[in-house]
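So that the names make sense, note that chain A is the first sequence line, chain B the second, and so on, each numbered from 1. Any value given below was found using the heavy atoms of this structure, including those in side chains, with hydrogens, waters and symmetry copies removed.
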Amino acid sequence: MKKFSLKTVKGFNEVLPPESFRWRVVEEKFRELLEGYGFAELRLALLEPTELFARSIGDETDIVEKEMYTFCDRSDRSLTLRPEGTASVVRAYNQYSLGKLNEINKLYYVGPMFRYERPQKGRFRQFHQLGAEVFGEAGFYQDAETLVMLAQFFHELEIKGVVLQLNSLGCENCRPAFRERLQAFLKQRLDALCGDCRRRLDENPLRALDCKNPQCREAVADAPLISESWCTDCREHFAGLRSLLEDVGLEYEVNPKLVRGLDYYTRTTFEFLAGELGAQNAVAAGGRYDRLVEELGGKPTPAFGFAIGFERLMLLVDAGIAPLPRPFAALIALDEEALRLLFPVHVNLNRGVRMTTLGFQQKSLKSQLKKADKDGVEFALIVGSEERARQEAVCRNMKTREQFNLPFVRLEEALRELYDECRRSS
RNA sequence: GUGGGUGUAGCUCAGUUGGUUAGAGCGCAGGAUUGUGGCUCCUGAGGCCGAGGGUUCGAAUCCCUCUACUCACCCCA
């Protein structure tokens, strides 16, 4: 490998053709689906005041503690490249009083996020998320609609083997009691816990529940479950969601130890897991966060949201889902005069559709046909001195090898007709 | 932050116990056919063998350091 001194920063992910075409197709499907459900796009700042993330995601989370790209600008303000989207959406919701424009707000976003972690499969420092948030709906119908919509997205992309896991973290009324119970339980088993879990015992004991450390897993195997502490409202919310999902036939697993790494979640939390992804197996995740809008200075507003990891999603999407765009015909000029003749035809045909290619270097007919074949065109239109004498181009069907003549005066028209004919028959 | 693996052509990789001028496939360019693609054949371009140091008569090969990439831990989408 050649050594270049100028290259991308470690973990900063770039998307090159032909992969970029596939990204576009998948992103377009996401937009169509979301907009069909009444979501509107939000294009937000990538850089935010650091305190926004500290207050929303939580001071004690790994993201805030050690994964943020934080720096001071020239006026010594602490800024952070967004590590996730929800905080910014909520900030915007409050800043622009979006709740006053519509009672219900359904918003989505697409774009890069930044976390300073060691890159590995399905994980980068700059990565991309497709995300959405709904504000103003407290009931479980909203949870169910969003989950079904996500399942439909995976179905449209023909992704198999994605499993939905569900849990409920309770609410401000019942979670504190559970926290204390869990803390008491964990304190009895302090010796069995890993350093991280011990450290988080006071601030965020719930995290011990989904710690991957084998010893911790064993220690919390018979820990009290949050479901035992749910208040009536939380119990009804979760039961309502489950029965709705069953009504529409969306399969799921309840995972009572599913705890999200961000502090703002209440009640429903979920992950869509894909075994193919290896260690980073969550392709989408999210949940309900009924307190966050208020905590960031807005009016009390219930909310539900999710994010999909774009890179991880693309690892699951079969290449066949997004065929590469192919030009329809190759215009082949064998000399300078032919090139001048074909150039206007070329530029007139390629508006909005990839109709033609035209080589400017007047290479041999053979090499131009070879190129046309590689491009996968349907027809090759050849113009050289013989054709100019006749005022007719040779048009070659690349599949059947049949050739016929097209008068110069109606080249554009004839190519359009051929194109329409091909599209009808395919 | 902690481990493991790997760096040889644009890509995927061979390269024997250390031994002359470092190879293949694919891709790219040209030709076999003075103007007809896919198959075949021929030719060509393209390498500081990741970098630096050491051992040796001699290093892609052995040793050390660094670096990049990668997988995993942690955590997350």
Side-chain angles (χ1 to χ4, degrees), chain A residues 1-5 7-11 13 16 57 60-68 82-86 110-131 150 194-197 199-200 204 207 210-214 216 259-262 270-274 277-287 305-316 330 332-335 338 361-388 394-403:
Chain A
M1 190 189 296
K2 217 171 257 169
K3 207 182 131 198
F4 296 96
S5 56
K7 47 183 196 178
T8 49
V9 174
K10 182 201 205 62
N13 181 38
L16 276 36
I57 300 170
E60 302 292 321
T61 58
D62 282 14
I63 293 179
V64 173
E65 274 183 350
K66 55 188 193 191
E67 294 176 3
M68 295 205 303
R82 62 180 187 185
E84 58 113 35
T86 301
V110 174
M113 307 293 164
F114 306 86
R115 291 184 201 172
Y116 191 88
E117 302 175 272
R118 287 282 282 269
Q120 66 190 73
K121 185 179 181 185
R123 193 173 75 187
F124 308 93
R125 290 183 173 181
Q126 174 178 321
F127 62 105
H128 297 77
Q129 288 188 337
L130 306 164
L150 269 170
C194 71
D196 284 333
C197 286
R199 187 171 49 79
R200 289 190 295 240
N204 197 347
R207 289 287 297 286
D210 75 344
C211 183
K212 303 266 186 354
N213 184 306
C216 292
V259 178
R260 318 263 32 265
L262 289 65
F270 69 91
E271 290 185 351
F272 281 88
L273 305 177
L277 290 176
Q280 271 64 49
N281 63 349
V283 64
F306 68 85
I308 301 170
F310 209 143
E311 285 82 357
R312 289 180 193 180
L313 181 69
M314 294 311 289
L315 290 174
L316 301 173
I332 297 179
L334 297 179
D335 54 33
Q361 295 178 17
Q362 295 158 53
K363 294 190 178 179
S364 70
L365 175 57
K366 182 162 98 153
S367 69
Q368 294 205 60
L369 276 171
K370 223 180 227 176
K371 182 79 163 61
D373 186 55
K374 240 170 268 162
D375 289 341
V377 300
E378 305 286 329
F379 290 93
L381 198 82
I382 303 162
V383 177
S385 55
E386 293 172 21
E387 288 74 20
R388 283 209 318 282
V394 169
C395 188
R396 179 180 179 83
N397 183 318
M398 296 297 279
K399 279 200 188 97
T400 65
R401 310 182 128 208
E402 288 167 330
Q403 297 193 163

CD of A/Gln129 to CZ of A/Phe306, rounded to nearest 0.5 Å, is 10.5 Å
Residues passing the side-chain hydrogen bond (donor to acceptor under 3.5 Å, both in side chains) test with A/Asn281, sequence neighbours excluded, are none
Can you pull every protein N or O that's under 3.5 Å from an N or O on nucleotides 70-73 of chain B?
| from | atom 1 | to | atom 2 | distance (Å) |
| --- | --- | --- | --- | --- |
| B/rC71 | OP2 | A/Lys121 | N | 3.0 |
| B/rA72 | OP2 | A/Gln120 | NE2 | 3.3 |
| B/rA72 | N7 | A/Gln120 | OE1 | 3.4 |

Which of B/rU36, B/rA77, B/rA68 is nearest the side chain of A/Lys7? It is B/rA68
- Message: So, under a plain 3.5 Å distance rule, would you say the side chain of A/Glu65 forms a donor-acceptor pair with the base of B/rG1?
- Response: no
Quick note, A/Gln129 side chain, CB onward, closest among B/rU36, B/rA77, B/rC75 is B/rA77
With sequence neighbours left out, the residues meeting side-chain contact (heavy atoms from CB on, under 4.5 Å) with A/Lys370 are none
Close N/O contacts between protein and nucleotides 27-34 of chain B (under 3.5 Å):
| from | atom 1 | to | atom 2 | distance (Å) |
| --- | --- | --- | --- | --- |
| B/rC28 | OP1 | A/Lys374 | NZ | 3.2 |
| B/rA32 | N7 | A/Lys366 | NZ | 3.3 |

Taken to the nearest whole Å, CD/A/Glu378 to P/B/rG37 is 19 Å
With sequence neighbours left out, the residues meeting side-chain contact (heavy atoms from CB on, under 4.5 Å) with A/Thr8 are A/Glu14
In 5'-to-3' order, the base (B), backbone-only (S) or no-contact (-) status of each nucleotide in nucleotides 40-45 of chain B, using a 4.0 angstrom heavy-atom cut-off, is ------
Do A/Gln403 side-chain and B/rU36 base share a donor-acceptor contact under 3.5 Å? yes
From CD of A/Glu311 across to P of B/rA77 the rounded distance in Å is 14 Å
*Donor-acceptor pair under 3.5 Å, A/Arg396 side chain vs B/rG35 base*: no
